Amino acid sequence: MLRTKIKQLLRAEAPCSQVLIKGWVKTRRDSKGFSFIELNDGSCLPNIQVIVDQTLDNYPQIAKITTGSALSIQGRLIESKGQEQKWEIQATAVDIIQLAPENYPLQKKRHSDEFLRTIAHLRPRTNKYGAAFRIRAALSWAVHHFFQERGFLYVHTPILTGSDCEGAGELFQVTTLDLASLCASSTQGVDYTKDFFGKMANLTVSGQLSAEMLALALGDVYTFGPTFRAENSNTSRHAAEFWMVEPEMAFCDLTDNMALAESFLKYLVEYALAHCAEDLALFSRFVDKQLPFTLEKIRSAEFIKISYQEAIEILIGSGMAFEFPVAFGNDLQSEHERYLTEQYFQKPVIIYNYPQNSKPFYMRLNDDGQTVAAMDMLVPGIGEIIGGSQREERLEILTARMDQAGLPREKYEWYLDSRRYGSVPHSGFGLGFERLIMLITGISNIRDVIPFPRTPKNIEF
RNA sequence: UCCCCAGUAGCUCAGUCGGCAGAGCAGGUGGCUGUUAACCACCGUGUCCGCGGUUCGAGUCCGUGCUGGGGAGCCA
């Protein structure tokens, strides 16, 4: 007999005379002459209640079943006599796949997120983390849906990269050289010709430059993959390994780029509301009571779009005593971004046209000669969730900006070729996938939205 | 990397002015019961994060290290 997922049984419309379920015990309670087992198989948040009568010949063993044990149960799906569930299983056979010892770390109570991080290999079995990872899976699928519906091609850009200055942060170096002997013997520089690629190699910090090449051939493309930053960032919003979604569109300016970013975020929120209601309800109840309000606002409100100049004027006019001074040319600090999105507008805000000196070389210089066609989307509680720009398509200006930034032109000849042969206006952005999951679940720490987080000094599991 | 806070039973936490180490949950035993993180009674549980110092006496005060958390910077 094939096993049926618990999710399917809980949605049943009629009783069923014989079913097989397999899963892990959430809790067991005894009653006179029988035992209640709550079984969960990860397919959905609720458990299914199983009634085990003492007439089963292995009932003495069944009565000893502990939380965390793995079971295979055959029985009848019947209407429950209890108040809190429609369906339950009347067991005809209970096979103990493995009995969990009593030192099973997950108890029938609330654990702190800090403790659960120390048992990241077991926390997917908790209600909260199970729900978070189901939502993560659903939203991964939604990302593909959104772009596929719009004719974007899903492209794969390299994880290993030879360009040592993509400019988006500190890099993890990749090597097959024996570091132990290098450290012991070498007093001069490393001879990279002996390394695997014959030159220095790193893990990617962004697929953008490669994605641009594909967009300039295929039109509209997107990447969705892991990204690595070796920044020593110790915050609730940064991970050394995270997943990023990066669309890149040919014949697309900053206005269209911002419009796509807004539709994208709205689509993802709507998708979660439509497909993950049960799991989301857990987060609204136990994690963030404001969550339904936040999500509804993103779904229905038009996002604010203001220039950097306007943002500065609002901040100066706010009368707020900021720790960092507000002035044109200064970077917007966290406190400024939070004020704009959490207090002043209380919804997502896209800020565009930043001063060129604070942004990377590939962003398109505006006609004012001062600003670039960059945009950041800020959301309440998280801050920056999307960063993007129209790319500089004019060869002379691009090379001038590279020189300005001190980037060696010869290493970017392949990139510059795209500006030599049929260069066109194009744009794109990057969405931090973990930050999206944080926004949609209300989970406030990035370490809790990815199964096995990698942060400075932490690569356990 | 910088600033602030914390570290006590398997877990969550209390511990007053420096004076015998505590509770709830989990676990064990018994009872009751179509129960809902069941309930009732009883039972066990400690490197008080490590090292050093002050003191008759330190979980408590001081120094230092480690670990965790919050905030900042960097960014998605």
Side-chain angles (χ1 to χ4, degrees), chain A residues 26-38 46-53 64 66-68 78-85 88 90 100-119 126-127 166-170 205-208 224-246 261 286 322-324 331-338 358-360 374 376-379 382-388 429-439 444-450 455-458 460:
Chain A
K26 271 289 167 69
T27 180
R28 190 183 58 78
R29 295 177 289 272
D30 285 324
S31 191
K32 190 175 180 123
F34 61 98
S35 192
F36 296 100
I37 295 173
E38 293 213 23
N47 313 314
I48 196 160
Q49 177 164 285
V50 181
I51 312 298
V52 188
D53 198 84
K64 295 267 181 196
T66 48
T67 300
I78 58 173
E79 288 197 35
S80 177
K81 292 180 202 163
Q83 295 299 304
E84 306 211 359
Q85 60 275 319
E88 64 189 20
Q90 178 71 51
E102 79 281 359
N103 63 0
Y104 180 60
L106 293 171
Q107 298 167 13
K108 294 183 277 189
K109 55 166 269 190
R110 204 182 116 66
H111 291 285
S112 68
D113 292 327
E114 291 81 6
F115 171 68
L116 291 170
R117 267 172 227 150
T118 69
I119 50 166
T126 64
N127 291 341
E166 289 182 40
E170 294 296 314
V205 293
S206 164
Q208 182 201 316
F224 183 9
T227 307
F228 307 89
R229 305 266 168 98
E231 301 286 351
N232 188 18
S233 296
N234 292 287
T235 80
S236 55
R237 303 181 305 284
H238 291 85
E241 176 183 281
F242 63 99
W243 287 65
M244 189 154 63
V245 181
E246 295 182 283
F286 295 115
F322 293 113
E323 187 185 343
F324 294 91
D331 278 340
L332 293 181
Q333 303 292 320
S334 272
E335 56 174 344
H336 307 142
E337 296 181 346
R338 293 179 78 100
S358 65
K359 292 291 183 184
D376 284 352
M377 184 192 289
L378 313 176
V379 291
I382 312 250
E384 185 176 347
I385 194 169
I386 285 176
F429 63 80
L431 169 123
F433 191 63
E434 282 72 21
R435 290 185 182 178
L436 172 77
I437 308 300
M438 291 169 74
L439 177 69
S444 56
N445 196 312
I446 198 167
R447 299 175 185 90
D448 300 332
V449 295
I450 185 166
T455 52
K457 303 280 186 289
N458 178 13
E460 201 75 27

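Quantities reported herein were computed from a predicted structural model and do not represent experimental measurements. The chains referred to below are lettered A, B, ... by the order of the sequence lines, with proteins before strands, and numbering in each begins at 1.
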Can you pull every protein N or O that's under 3.5 Å from an N or O on nucleotides 5-11 of chain B?
from   : atom 1 : to      : atom 2 : distance (Å)
G10(B) : N2     : Q107(A) : OE1    : 2.9
G10(B) : N2     : Q107(A) : NE2    : 3.2
G10(B) : N3     : Q107(A) : NE2    : 3.4
C11(B) : O2'    : K109(A) : NZ     : 3.2
C11(B) : O2'    : H111(A) : ND1    : 3.2
C11(B) : O2     : K109(A) : NZ     : 2.6

Contact under 4.0 Å: S206(A) side-chain N or O vs A76(B) OP1/OP2: no
Interface polar pairs with nucleotides 39-41 of chain B, N/O, under 3.5 angstrom:
none

Using a 4.0 Å heavy-atom cut-off, does G82(A) contact any base of the nucleic acid, only the sugar-phosphate backbone, or nothing at all? base
When the P atoms of C56(B) and C51(B) are compared, how many Å lie between them, rounded to an integer? 23 Å
Does a donor on one side chain sit under 3.5 Å from an acceptor on the other, for N234(A) and K457(A)? no
So I51(A), base contact, sugar-phosphate only, or nothing? Heavy-atom distance under 4.0 Å. base
Answer with base, sugar-phosphate or nothing: what part of the nucleic acid does Q85(A) contact at a heavy-atom distance below 4.0 Å? base
In Watson-Crick or G-U wobble terms, with both distances under 3.5 Å, the base opposite G18(B) is none
Checking all strands, does E335(A) fall into the base, sugar-phosphate, or nothing category for heavy-atom contacts under 4.0 angstrom? nothing
Under a 3.5 Å limit for both distances, which nucleotide forms a Watson-Crick or G-U wobble pair with A72(B), could you say? U1(B)
Given A72(B), G69(B), G34(B), identify the nucleotide with an atom nearest to the side chain of E114(A). G69(B)
Side chain of N445(A) only, please: which of G34(B), G69(B), C74(B) is the nearest? G69(B)
Candidate nucleotides A72(B), U35(B), G69(B), ranked by approach to the side chain of R447(A) - the nearest: G69(B)
Give a yes/no answer on whether the side chain of R29(A) brings an N or O atom under 4.0 Å of OP1 or OP2 in A38(B). yes
Among G70(B), U1(B), A37(B), which is the nearest nucleotide to the side chain of N232(A)? U1(B)
Considering every strand and a 4.0 Å limit on heavy-atom distances, what is the contact class for S236(A): base, sugar-phosphate, or nothing? sugar-phosphate
Under a 3.5 Å limit for both distances, which nucleotide forms a Watson-Crick or G-U wobble pair with G63(B), could you say? C51(B)
Base paired to C42(B) (Watson-Crick or G-U; both N/O distances under 3.5 angstrom): G28(B)
C1' spacing across the pair U35(B) / C43(B), given as an integer number of angstrom: 26 Å
Which nucleotide in G34(B), A76(B), A38(B) has an atom nearest any side-chain atom of Q90(A): G34(B)
Looking at R435(A), R237(A), M377(A), which hits side chain to side chain contact (heavy atoms under 4.5 Å, CB included) with E384(A)? R435(A)
With heavy-atom distances below 4.5 Å as the criterion, would you say the side chains of N232(A) and E170(A) are in contact? no
F242(A) on top of A76(B)'s base, within under 5.5 Å and under 30°? yes
Report the relative orientation of the aromatic rings in F36(A) and F34(A); use parallel for angles under 30°, tilted for 30 to 60°, perpendicular for over 60°. perpendicular
Selection from G69(B), U36(B), G34(B) that lies nearest to any side-chain heavy atom of K32(A): G34(B)
Closest-nucleotide ordering on RNA chain B, the 5'-leading residue of R28(A) and G33(A): G33(A)
Shortest non-hydrogen separation from I382(A) to M438(A) and the atoms involved: CD1-CB, 3.4 Å
Among G34(B), U29(B), A76(B), the nucleotide that comes nearest once only the side chain of K64(A) is considered: U29(B)
Categorize S31(A) for me: base, sugar-phosphate, or nothing, with a 4.0 angstrom heavy-atom threshold over every strand shown. base
Base, sugar-phosphate alone, or nothing: which one does E88(A) contact when heavy atoms must sit under 4.0 Å apart? base
Is a salt bridge present between E38(A) and R29(A), judged by a nitrogen-to-oxygen distance below 4.0 Å? yes
Watson-Crick or G-U wobble partner of A23(B), both distances under 3.5 Å: U12(B)
Quick one: closest heavy-atom pair of R447(A) and S236(A), and the distance? NH1-CA, 4.3 Å
Could you walk me through whether F322(A) and H336(A) satisfy the ring-ring contact (aromatic ring centres under 6.0 Å, His included) test, starting with their C-alpha distance in whole Å, then the side-chain angles of each, then the deciding distance to 0.1 Å, before giving a yes or no? CA-CA 8 Å; F322(A) 293 113; H336(A) 307 142; 4.8 Å; yes
Report yes if some heavy atom in the side chain of L106(A) is under 4.5 Å from a heavy atom in the side chain of I119(A); otherwise report no. yes
Give E323(A) one of three labels, base, sugar-phosphate or nothing, depending on what nucleic acid heavy atoms sit under 4.0 Å from its own. nothing
Using a heavy-atom cut-off of under 4.0 Å over every strand shown, decide if F34(A) touches base, sugar-phosphate, or nothing. base
Nearest-Å distance once atom C1' is located in both C25(B) and C61(B): 33 Å
Taking the C1' atom of each, how far is U8(B) from C4(B), in whole Å? 22 Å
Quick check on G73(B): is either OP1 or OP2 less than 4.0 Å from any side-chain nitrogen or oxygen of Q333(A)? yes
Remember a base hit wins even if backbone is also touched, and classify D30(A) as base, sugar-phosphate or nothing at under 4.0 Å, heavy atoms. base
